[in-house]
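Residue numbering restarts at 1 for every chain, and letters A, B, ... go by the order of the sequence lines.
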Amino acid sequence: MVVEERIARKPRRSLAWLQSIGIMLKVAETQLRLISRYPGSLAIDVIMPIVTTAIPILLGRSLTGSFDAQAFAANTGTTDYVPYMLIGSSMLTVVTTALWNVGFWVRREQQTGTLEAIYLAPASRFWVLAGVALYGMVRSLVSLLLSFILGCLIFGINPLQGHIGLAFSFLLLGLVPVYGLSLIYGAVVLRLKEAGALIQIAQWLTSLLMGIYFPITVFPPLLRWIALVFPPTWMNNGIRAALLGVGWFFDSWYADLGVLAVFAVIMPVLGYNLFAVVERKMQRNEGVGTF
Amino acid sequence: MIQVRQLTKTYQVRERHGLFATSKRAVHALNGIDLDIERGALFGLLGPNGAGKTTLIKCLTTLLLPTSGTATIAGHDVVQAPAQVRNAIGCMLMGERGLYWKLTGRENLAYFAALYFVPRHERNQRIARLIDRLRMQDFIDRPVESYSSGQKMKLAFAKALVHDAPILVLDEPTNTLDVPSARELRAIVAELHAEGRTIVYTTHVMTEAEQLCQRLAIVDRGTVIAQGTPDELRRQVVATEVIQVRGQIPPRATLSVQSLPSVREVAIATLDDGHELLVRTSEPRQVLPKLIETLYAYGASIEDVVPSRTTLEDVFMALTGRTLAEDTRTR
């Protein structure tokens with residue numbers, strides 16, 4: 001009798017959505033709790049964009065002195081290369097944090113044995129991954145905000161210039177396809193059980209394709225086309241265009257935002273399905289928990 | 001409650017030969033397992049390390065997809081309805097692993113309670129009850145990394161109970177525990193069983209299986225080589241057992257002992273300080289009280305009675321030709 005009552009008490013279907021959202025929030029909250037036990041890594045998130053952007057900014061200042069950067073202005077539409085580079089560098093941190101988010105999560109949980117513990121639970125994998133993505137998004141947006149403000153203070157930039165709301169729209173919409181790419185990377189890590197080696201190449205490639213210190217118009221045509229099928233390039237340019245007035249890729253903000261919206265639909269679907277395929281393949285073989 | 005039919009599991013492992021050369025090899029981890037575990041049973045899966053117990057458990061808990069065959073848990077197929085199966089099972093599979101060491105025990109339990117759909121308003125009460133039951137008050141709010149091995153195992157056990165599932169799957173739960181902690185955990189398992197839960201308990205410790213489980217399956221090289229109650233398993237391999245009695249035993253008592261039902265053979269030896277009577281019987285439990293009664297009736301003074309019981313270790317050895325300890329070491 002006791003046993004039958006227990007089985008009958010399982011989740012009510014009418015509350016499934018609410019429960020699923022609750023799971024997503026709990027996963028995100030737990031990941032935030034975990035990272036809060038490593039305060040040094042949060043500090044690095046804030047400081048890194050400033051450190052990486054200081055080198056090209058100081059180089060630029062030493063080359064141009066008190067003159068405007070004419071060649072830079074001809075290529076980008078703005079002479080103000082300092083905020084241009086600070087935005088690029090900050091966006092690189094946001095994008096790479098997001099890109100490696102799912103892969104690092106998979107790898108860490110594989111190594112600690114908690115991935116199998118999660119797979120033993122009835123919670124849908126979709127909502128667990130959504131929780132991981134939500135955590136990554138909160139973490140990267142907070143560190144972006146802090147590093148951008150700190151960078152503006154250090155380099156003497158007005159942080160309230162341009163269309164902030166539009167820039168924020170590009171940022172939020174642009175992060176969606178990045179998490180789709182993150183799922184693809186997560187699937188690769190799940191399969192290969194290796195997170196580090198791939199990042200060495202991909203980190204460099206990401207910074208190149210996004211054009212963090214220069215516009216992609218200086219690329220040779222083939223590389224420019226490759227950069228244009230990489231969603232973060234559109235996000236980065238959209239934010240710069242909204243804040244600094246550099247040109248849109250399609251001459252209007254809504255066309256560029258539309259392209260990001262298409263990426264935002266395609267990439268997560270592609271990423272989640274690939275992750276599910278790899279997960280199934282792993283379950284057919286030795287399981288997801290082997291490391 | 002749990003039904004397994006012709007379950008097989010084969011997977012590929014990559015073997016390395018030197019620096020770069022690799023080859024793939026198929027491992028047949030399960031070879032046609034059949035099991036029936038009734039509701040409310042405490043069922044033991046017994047076998048050496050590498051026998052296939054954990055692979056079987058992983059198939060039953062939906063972590064692995066079987067290659068062929070079927071398994072149903074509480075009426076749900078493990079392949080077709082994995083979410084319902086996971087709902088019905090509380091698992092302790094990886095011992096100390098499977099916990100977030102940077103979180104406190106309470107934070108771990110709250111997290112997994114959420115993943116098992118325990119409603120938010122019930123979560124704290126449920127966790128408080130578990131903390132009381134498993135006596136974890138002293139350490140539950142410390143980070144797990146500061147726990148002793150026994151405390152981590154207790155927390156892992158609490159995690160398996162957090163959603164109050166009707167079926168518990170415990171994979172070698174006493175593996176890293178010291179003797180008192182293992183005894184405490186076994187007592188709690190017995191309590192949970194008494195409450196009506198179905199429990200699947202895997203172990204390679206024969207005495208533990210013998211002490212806890214009503215029914216057992218002995219798994220070896222991916223196959224169930226025997227199953228039944230501990231007594232049934234013993235009877236499968238040994239028809240008779242010997243009861244050894246020491247003391248002052250009048251030799252004439254042996255004739256009466258010989259005539260007791262199911263006694264096959266009686267021998268008496270004279271020692272420096274008395275006698276040793278050896279009684280071979282097919283029903284030691286039934287014979288023992290009558291034997292003692294008969295000996296007293298002849299004026300014997302008994303110092304010691306040792307029924308030489310066939311252990312499950314003996315059963316394993318008789319069925320496989322290997323000892324369990326030797327098998328566990330060499331795998």
Side-chain angles (χ1 to χ4, degrees), chain A residues 1-13 15-16 18-38 108-125 127-128 131 279-291, chain B residues 1 9-13 27 29 39-40 55 58 61-67 74-75 82-91 93-104 107-108 110-117 119-120 143 145 156 159-160 163-167 169 195-198:
Chain A
M1 181 58 82
V2 177
V3 172
E4 279 158 8
E5 279 167 7
R6 282 196 194 110
I7 292 174
R9 193 191 38 66
K10 288 305 161 197
R12 285 162 285 171
R13 284 181 188 279
L15 292 176
L18 275 179
Q19 285 173 329
S20 299
I21 288 171
I23 282 170
M24 178 181 75
L25 294 175
K26 189 68 188 173
V27 171
E29 181 211 308
T30 303
Q31 293 297 316
L32 284 168
R33 267 182 207 273
L34 279 167
I35 198 67
S36 74
R37 311 285 149 97
Y38 301 93
R108 197 177 52 242
E109 307 269 338
Q110 270 179 338
Q111 286 172 327
T112 56
T114 42
L115 192 65
E116 279 198 342
I118 290 169
Y119 272 74
L120 284 169
S124 151
R125 213 79 66 245
W127 292 106
V128 172
E279 181 189 281
R280 196 83 176 159
K281 191 176 165 66
M282 298 299 289
Q283 284 178 310
R284 276 201 198 96
N285 206 35
E286 285 179 275
V288 294
T290 50
F291 61 101
Chain B
M1 197 65 157
K9 176 69 186 173
T10 302
Y11 56 82
Q12 303 286 327
V13 289
V27 174
R39 179 170 292 184
T55 304
K58 285 187 173 182
T61 55
T62 75
L63 282 176
L64 292 177
L65 288 168
T67 307
Q84 286 88 332
V85 169
R86 290 180 204 132
N87 242 336
I89 298 179
C91 292
L93 290 196
M94 294 143 287
E96 297 175 22
R97 281 169 54 74
L99 298 169
Y100 293 95
W101 287 28
K102 282 283 175 190
L103 297 182
T104 67
E107 287 169 337
N108 268 282
Y111 177 62
F112 284 103
L115 292 187
Y116 281 94
F117 297 107
R120 188 186 277 266
E145 63 190 349
K159 191 180 74 164
H163 65 299
D164 199 19
I167 301 171
V169 176
E195 287 170 12
R197 282 184 174 82
T198 307

Under 4.5 Å from a heavy atom of chain B, the part of A:V27 involved: both
For the atom pair NZ (A:K26) and CD (A:Q31), what is the distance rounded to the nearest 0.5 Å? 12.0 Å
Chain B contact via A:I23 - side chain, backbone, both or neither, heavy atoms under 4.5 Å: side chain
Any side-chain donor near an acceptor of the partner, B:R39 and B:T198, under 3.5 Å: no
Angle between ring planes, B:Y111 versus B:Y100, binned at 30° and 60°: parallel, tilted or perpendicular? perpendicular
Test of understanding: with salt bridge (Lys or Arg N to Asp or Glu O under 4.0 Å), list the residues that count as partners of A:R33, not counting sequence neighbours. A:E29, B:E107
Of all residues at least two apart in sequence or in a different chain, which pass the salt bridge (Lys or Arg N to Asp or Glu O under 4.0 Å) check with A:R125? A:E279
Taking NZ, NE, NH1 and NH2 as the nitrogens, is one of them in B:K58 or A:E116 under 4.0 Å from a carboxylate oxygen of the other? yes
Quick one: what part of B:T67 sits under 4.5 Å from any heavy atom of chain A, side chain, backbone, both or neither? neither
What part of B:A156 is in contact with chain A, defined as an atom under 4.5 angstrom from a non-hydrogen atom: side chain, backbone, both or neither? neither
Residue, of A:L34, A:L25, A:V128, that accumulates the most heavy atom pairs under 4.5 Å with chain B: A:L34
In terms of heavy-atom pairs under 4.5 Å, which option from A:G131, A:A123, A:A121, A:A117 contacts chain B the most? A:A121
Honestly, the part of B:L93 sitting under 4.5 Å from a heavy atom of chain A is side chain
Any idea which of A:L120, A:T112, A:I118 has the most non-hydrogen atom pairs under 4.5 angstrom with chain B? A:L120
